[in-house]
Number of protein chains: 2
Amino acid sequence: MDEIEIPDSIRCEFEEKGGIAGIMESLPDDRKVEDFVSVARALSDPMRLRVLFALSMQPMCVCLLVAMTGYAYSKMSYHLSVLKESGLVCSRQEGNYLIYYLTDHGKKLVEWIETF
Amino acid sequence: MDEIEIPDSIRCEFEEKGGIAGIMESLPDDRKVEDFVSVARALSDPMRLRVLFALSMQPMCVCLLVAMTGYAYSKMSYHLSVLKESGLVCSRQEGNYLIYYLTDHGKKLVEWIETF
DNA sequence: CCAACGTTTCAACAATTTTTGAAACAATAG
DNA sequence: CTATTGTTTCAAAAATTGTTGAAACGTTGG
């Protein structure tokens, strides 16, 4: 197997690690990768990141987030759905209002980002 | 200012925090947001995440990453450039080979992801 | 019941990101 | 110098993501 030419400076270390197969086995499994990627995607937009931080200060209805950002409802709704699908936020209904707030996962993540 | 209707359950806490203006002031500044978003974008692809982890095990030439992933050179090169632009990896030339490895920032990030 | 309000959904469109394959480049070997 | 090898760059095409405005939905108040 593993019959590629690679420079000496990495060959030895590489073979000790079991070559391609060895390295690939030590990689995080697909589920972990997909979960993390979904979170990373959710965080990869400036406004979504700000919304996440705003919600870490307190739960908010959509109208508040709309007022804060100047976004249209439909736009905010889209971004909230991305955050929701990644498991970082969830919502509860209160009368006419939908109140968004961080999940435990979301809270942990914000703390974690703050130490970064 | 702040003349929007918001539900009672959040109004009080919201006003204590200084309303919209107060919340917005406590948000991370634009530079921090942009930096973090650039890293999040780099991590928001499964193969880039795997490459990052692979490089955390040892430096590798592009040909090794190509062999590991089955990607075309040009494709791998593109993804490496995304990782490079976000400051997570860098490269050194060794003869004909380009060896990619994690920056300090990249190493710190991988450790940080592992605790997640 | 009806009207108003806060919100989501949808489809068309725009913008951005990713993939592809060919061509270019830089370093080495002959 | 030429040929080869490892890699990047580029432009065109494909895929994905984000935006927009209108319509629909669910809840409340009259």
Side-chain angles (χ1 to χ4, degrees), chain A residues 2-11 14 20 34 37-52 55 59-86 89-101, chain B residues 3-11 14 20 34 37-51 55 59-86 89-101:
Chain A
D2 292 347
E3 323 215 355
I4 8 162
E5 304 267 328
I6 58 177
D8 295 339
S9 68
I10 60 177
R11 146 156 286 127
F14 177 65
I20 290 184
E34 287 303 341
V37 160
S38 143
V39 170
R41 228 196 293 280
L43 300 175
S44 70
D45 172 279
M47 194 53 86
R48 284 198 297 259
L49 195 61
R50 288 198 188 91
V51 166
L52 197 76
L55 292 180
M60 296 192 194
C61 54
V62 181
C63 52
L64 215 43
L65 293 166
V66 160
M68 246 170 79
T69 59
Y71 275 22
Y73 269 97
S74 59
K75 195 170 173 179
M76 181 54 67
S77 197
Y78 167 71
H79 287 292
L80 286 169
S81 78
V82 175
L83 288 169
K84 195 173 208 168
E85 271 159 33
S86 70
V89 312
C90 56
S91 59
R92 64 174 184 265
Q93 188 130 15
E94 256 178 48
N96 226 344
Y97 297 87
L98 251 193
I99 315 262
Y100 277 87
Y101 56 99
Chain B
E3 323 216 353
I4 8 161
E5 305 265 330
I6 59 177
D8 294 339
S9 68
I10 60 177
R11 145 157 287 127
F14 177 65
I20 290 182
E34 287 303 338
V37 161
S38 145
V39 171
R41 228 196 295 279
L43 300 175
S44 69
D45 173 278
M47 196 51 86
R48 284 198 297 259
L49 196 60
R50 289 197 188 92
V51 165
L55 293 180
M60 297 193 190
C61 54
V62 181
C63 51
L64 215 42
L65 293 167
V66 160
M68 245 170 80
T69 60
Y71 275 22
Y73 270 95
S74 58
K75 196 170 172 177
M76 182 54 68
S77 197
Y78 166 72
H79 288 290
L80 287 170
S81 77
V82 174
L83 288 169
K84 196 174 208 168
E85 271 159 33
S86 69
V89 311
C90 55
S91 60
R92 64 174 186 265
Q93 189 128 17
E94 256 178 48
N96 224 345
Y97 297 87
L98 251 191
I99 315 261
Y100 276 86
Y101 55 98

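Chain identifiers are assigned alphabetically (A, B, ...) following the order of the sequence lines, protein sequences preceding nucleic acid strands; residue numbering begins at 1 within each chain. Just the heavy atoms: all of them, side chains too, but no hydrogens, waters or symmetry mates, feed the values below.
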inquiry  = Of the listed nucleotides (D/dT9, C/dT18, D/dG18), which one gets closest to any side-chain atom of B/Ser77?
reply    = D/dT9
query = Is any side-chain N or O of B/Asn96 under 3.5 Å from a base N or O of D/dT5, one able to act as donor and the other as acceptor?
reply = yes
Candidates D/dT7, D/dT19, C/dT7 - which lies nearest the side chain of B/Tyr97 = D/dT7
ask   = Side-chain contact, heavy-atom cut-off 4.5 Å: A/Cys90 with A/Tyr100?
value = no
query = Is the shortest side-chain N/O distance from B/His79 to OP1 or OP2 of C/dT19 below 4.0 Å?
reply = yes
note = Atom OH of B/Tyr73 and atom P of C/dG21 are separated, to the nearest Å, by 16 Å
key: Approximate separation, where rounding is to 0.5 Å, of A/Ile6 CD1 and B/Leu64 CG   = 5.0 Å
message = Could you tell me how far apart A/Glu85 (CD) and C/dT9 (C1') are, to the nearest whole angstrom?
response = 13 Å
request  = Have a look at A/Tyr100 and say if it touches a base, only the backbone sugar-phosphate, or nothing, with a 4.0 Å heavy-atom cut-off.
outcome  = sugar-phosphate
task = Without swapping roles, check the side chain of B/Ser77 against the backbone of B/Ser74 for a donor-acceptor pair under 3.5 Å.
result = no
key: Closest-nucleotide 5' rank along DNA chain D - winner of A/Gln93 and A/Val82   = A/Val82
inquiry  = If I take atom CD1 in residue B/Ile6 and atom C1' in nucleotide C/dG6, what distance separates them, rounded to the nearest angstrom?
reply    = 14 Å
task = Grab the CG-C1' distance between A/Leu65 and C/dT7 for me, whole Å please.
result = 12 Å
ask   = How do A/Cys63 and B/Arg48 order along DNA chain C: which one's closest nucleotide is nearer the 5' end?
value = A/Cys63
inquiry  = Rounding to an integer number of Å, can you tell me how far A/Glu94 CD sits from D/dG26 P?
reply    = 19 Å
inquiry  = Nearest whole Å is fine: how far is D/dG18 P from A/Leu43 CG?
reply    = 12 Å
query = Can you check whether B/Ile99's main-chain N or O pairs, donor with acceptor, with B/Arg92's side chain at less than 3.5 Å?
reply = no
request  = Send over the distance from B/Arg92 CZ to C/dA27 P, rounded to a whole Å.
outcome  = 16 Å
Selection from D/dG6, C/dT18, D/dT17 that lies nearest to any side-chain heavy atom of A/Glu5 = D/dG6
ask   = Do any side-chain nitrogens or oxygens of B/Tyr78 fall under 4.0 Å of OP1 or OP2 in D/dA11?
value = no
note = B/Asp45 CG to C/dT16 P, in whole Å, measures 19 Å
query = Can you find a heavy atom in the side chain of B/Ser86 that is under 4.5 Å from one in the side chain of B/Arg41?
reply = no
Residue B/Ser74, side-chain heavy atoms: nucleotide from C/dT8, D/dG18, C/dT20 that is nearest = C/dT20
query = Would you say D/dT20 has OP1 or OP2 under 4.0 Å from some side-chain N or O of A/Lys75?
reply = yes
